[in-house]
Amino acid sequence: MSQRPGFPVKLSQTGASGTARKTPSPVSARSSAQLNPVVTSSQAVRTATPRTASPVSGLGLESGAVRARMVRKLAEQGVQDARVLEAMGQVERHRFVESALVNQAYEDTSLPIGLGQTISKPNVVARMVELLCQNVPGKLGRVLEIGTGCGYQAAVLSHVATEVYSIERLRGLHEKARTNLRPFRLHNVHLIFGDGMLGYPKGAPYAGIISAAGGDAVPDAWLDQLATGGRLIAPTITPAGHQALVVVLKTAQGFERQVLEAVHFVPLKSGVA
Ligand code: SAH
């Protein structure tokens, strides 16, 4: 076992100690949780489904059948964790995409969500959440998601983790996610506007950290904010120069890193916009 992750993970010399970090954002997790009580039980999700007529009514997307079919496909593709399959079956992906794209919401395809960003394919979301849950019996504890985007993955995470802190650097998407998530009343989802490269120290330590954007290296802050025993899943550039899923486990002895399959995520960028 390596004591420290080799490339692509860079470690700070000072570890978790107080390196200066920017204050995350004016919209704190707490204030956003208050403003936006965002579901914990599957029952609550179902009952909170908006019943008003919408451009999607009549397409059969409200029925669980279309999600059940997606879940069967995910299982055929190798997703095994029952918690993850259950969560994927619960969250209505069509409520997170533009109305012109709702017909494609349950296909295994990534879709544009505005501002040049994309929502990952269901298969990639399920794979990453499964990696996050690996070897954790029951619910995960606090999880940090970098890149809220439209809020879909945050909603999936809310079913497998006790608390979800999700940070987005683009104000337009942060607001869109807030709007998308509001009807679901997911009380354990906290949306933060800020630069996720700095992590979100207020919620640390995290049992899991998951990035929806790919960087050249895993930021030090993420490693610092990971709990011992926690795991981090992030698309990262490998020494071979392509982006792959990297899993980092934090143990009492140090970090263990695994490089998995090649992926294509939008870039991790610093600062907010
Ligand atoms: N999980 C999202 C996927 C969004 S795509 C969903 O379910 O929709 C990745 C997101 O990461 C983009 O919205 C992008 O703006 C955001 N991102 C990139 N760099 C970031 C950073 N440093 N901090 C926070 N968000 C970041």
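Remember, it's 1-based here, ligands and their atoms both numbered in the order they're listed.
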Asks: Tell me which protein heavy atom sits closest to atom 24 (C) of ligand 1, plus the residue, atom name and distance to 0.1 Å.
Replies: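 Its nearest protein heavy-atom neighbour is Arg169 N, 3.3 Å.
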Asks: Considering the heavy atoms of Leu170, write down every atom of ligand 1 situated less than 4.0 Å from one of them.
Replies: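 Those qualifying, in numeric order: 15 (O).
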Asks: Are Glu107 and Arg69 close enough for a salt bridge, meaning some N to O gap below 4.0 Å?
Replies: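 No, this pair does not count.
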Asks: Looking only at protein heavy atoms, identify the closest one to atom 9 (C) of ligand 1 and say how far it is in Å.
Replies: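 Answer for atom 9 (C) of ligand 1: Ala212 O, 3.3 Å.
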Asks: Rounded to the nearest 0.5 Å, how far does CE of Met88 lie from CG of Asn123?
Replies: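 The CE atom of Met88 is 8.5 Å from CG of Asn123, to the nearest 0.5 Å.
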Asks: Quick one: which ligand 1 atoms are inside 4.0 Å of a heavy atom on Ala213?
Replies: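 So the atoms of ligand 1 that pass are 11 (O), 18 (C).
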Asks: Looking at ligand 1, does any of its N/O atoms fall within less than 3.5 Å of an N/O of Glu145?
Replies: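 Indeed, backbone or side chain, Glu145 has an N or O that close.
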Asks: Could you see if Val66 belongs to whatever hydrophobic cluster contains Val97? Use Ile, Leu, Val, Met, Phe, Trp, Tyr and a side-chain cutoff under 4.5 Å.
Replies: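 Yes: a chain of side-chain contacts under 4.5 Å links Val66 to Val97.
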Asks: Which residue and atom name correspond to the protein heavy atom nearest atom 13 (O) of ligand 1, and how close is it?
Replies: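 Residue, atom and distance for the closest contact: Glu168 OE1, 2.7 Å.
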Asks: Walk me through whether Glu86 and Arg83 qualify under salt bridge (charged side-chain N to carboxylate O under 4.0 Å, His left out).
Replies: CA-CA 5 Å; Glu86 160 87 15; Arg83 293 166 293 181; over 6 Å; no
Asks: Just to be sure I read this right, does ligand 1 sit under 4.0 Å from the backbone of Thr148, its side chain, both, or neither, counting only heavy atoms?
Replies: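 For Thr148, the contact with ligand 1 is made by the backbone alone.
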Asks: Which ligand 1 atoms are under 4.0 Å away from a heavy-atom of Val266?
Replies: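 What qualifies from ligand 1 is 5 (S), 9 (C).
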Asks: I'd like to check Pro122 versus Tyr106 (side-chain heavy atoms, cut-off strictly below 4.5 Å). Are they in contact?
Replies: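 No, every pair of side-chain atoms sits at 4.5 Å or beyond.
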Asks: Looking only at non-hydrogen atoms, which of Cys150, Gly196, Ser110, Ser166 approaches atom 23 (N) of ligand 1 most closely?
Replies: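 That would be Gly196.
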Asks: Can you find an N or O of Ser120 that's nearer than 3.5 Å to an N or O of ligand 1?
Replies: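 Min N/O separation from ligand 1 is not below 3.5 Å for Ser120.
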Asks: Could Glu92 and Arg95 be called an ion pair, given the rule that one side-chain N must be under 4.0 Å from one carboxylate O?
Replies: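 Salt bridge between Glu92 and Arg95, a charged N being under 4.0 Å from a carboxylate O: yes.
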Asks: For atom 4 (C) of ligand 1, which candidate among Thr118, Ile146, Leu173 holds the nearest heavy atom?
Replies: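 Among Thr118, Ile146, Leu173, the closest heavy atom to atom 4 (C) of ligand 1 belongs to Thr118.
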Asks: Going by an N to O cut-off under 4.0 Å, is there a salt bridge joining Lys250 and Glu256?
Replies: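 Looking at Glu256 together with Lys250, the answer is no, because their closest N to O distance does not fall below 4.0 Å.
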Asks: Give the residue and atom name of whichever protein heavy atom lies nearest to atom 12 (C) of ligand 1, and the separation in Å to one decimal.
Replies: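 The closest one turns out to be Gln117 OE1, 3.2 Å.
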Asks: If you group Ile, Leu, Val, Met, Phe, Trp and Tyr by side-chain heavy-atom gaps below 4.5 Å, do Val218 and Val259 land in one group?
Replies: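 Shared cluster, yes.
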Asks: Which atoms of ligand 1 are found less than 4.0 Å from any heavy atom of Lys269?
Replies: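 It comes down to these atoms of ligand 1: 18 (C), 19 (N), 20 (C), 21 (C), 22 (N).
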Asks: Please classify the Leu115 to ligand 1 contact at 4.0 Å (heavy-atom distances, strictly less than): side chain, backbone, both or neither.
Replies: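 Looking at Leu115 and ligand 1, no heavy atom falls under 4.0 Å.
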Asks: Answer side chain, backbone, both or neither: which part of Leu268 comes under 4.0 Å from ligand 1, heavy atoms only.
Replies: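 Within the 4.0 Å criterion, Leu268 contacts ligand 1 through backbone and side-chain atoms alike.
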Asks: When rounded to the nearest 0.5 angstrom, what is the spacing between OH in Tyr200 and CG in Asp195?
Replies: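 Reported value, rounded in 0.5 Å steps: 14.0 Å.
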Asks: Same cluster for Ile233 and Val136 if Ile/Leu/Val/Met/Phe/Trp/Tyr side chains link at under 4.5 Å?
Replies: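 Yes, same cluster.
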Asks: Considering the heavy atoms of Gln153, write down every atom of ligand 1 situated less than 4.0 Å from one of them.
Replies: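 The list of qualifying atoms is 1 (N), 7 (O).
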Asks: Of the side chain and backbone of Ala154, name the one, both, or neither that has a heavy atom under 4.0 Å from an atom of ligand 1.
Replies: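 Neither part.
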Asks: To the nearest 0.5 Å, how far apart are CD1 in Ile167 and NE2 in His174?
Replies: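 Here the rounded value is 9.5 Å.
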Asks: What protein heavy atom lies closest to atom 11 (O) of ligand 1? Include the residue and the distance to one decimal.
Replies: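 Going atom by atom, the protein heavy atom closest to atom 11 (O) of ligand 1 ends up being Gly147 CA, 3.2 Å.
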Asks: Heavy atom under 4.0 Å from ligand 1: found in Met197's side chain, backbone, both, or neither?
Replies: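 Both parts.
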Asks: Could you go through Val143 and Tyr165, starting from their C-alpha distance and side-chain angles, then the distance that decides it, and tell me whether this counts as side chain to side chain contact (heavy atoms under 4.5 Å, CB included)?
Replies: CA-CA 6 Å; Val143 165; Tyr165 293 84; over 6 Å; no
Asks: Could you establish whether Pro267 and ligand 1 come within less than 4.0 Å of each other, counting only heavy atoms on the residue side?
Replies: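 It does, in that a heavy atom of Pro267 comes within the 4.0 Å cut-off of ligand 1.
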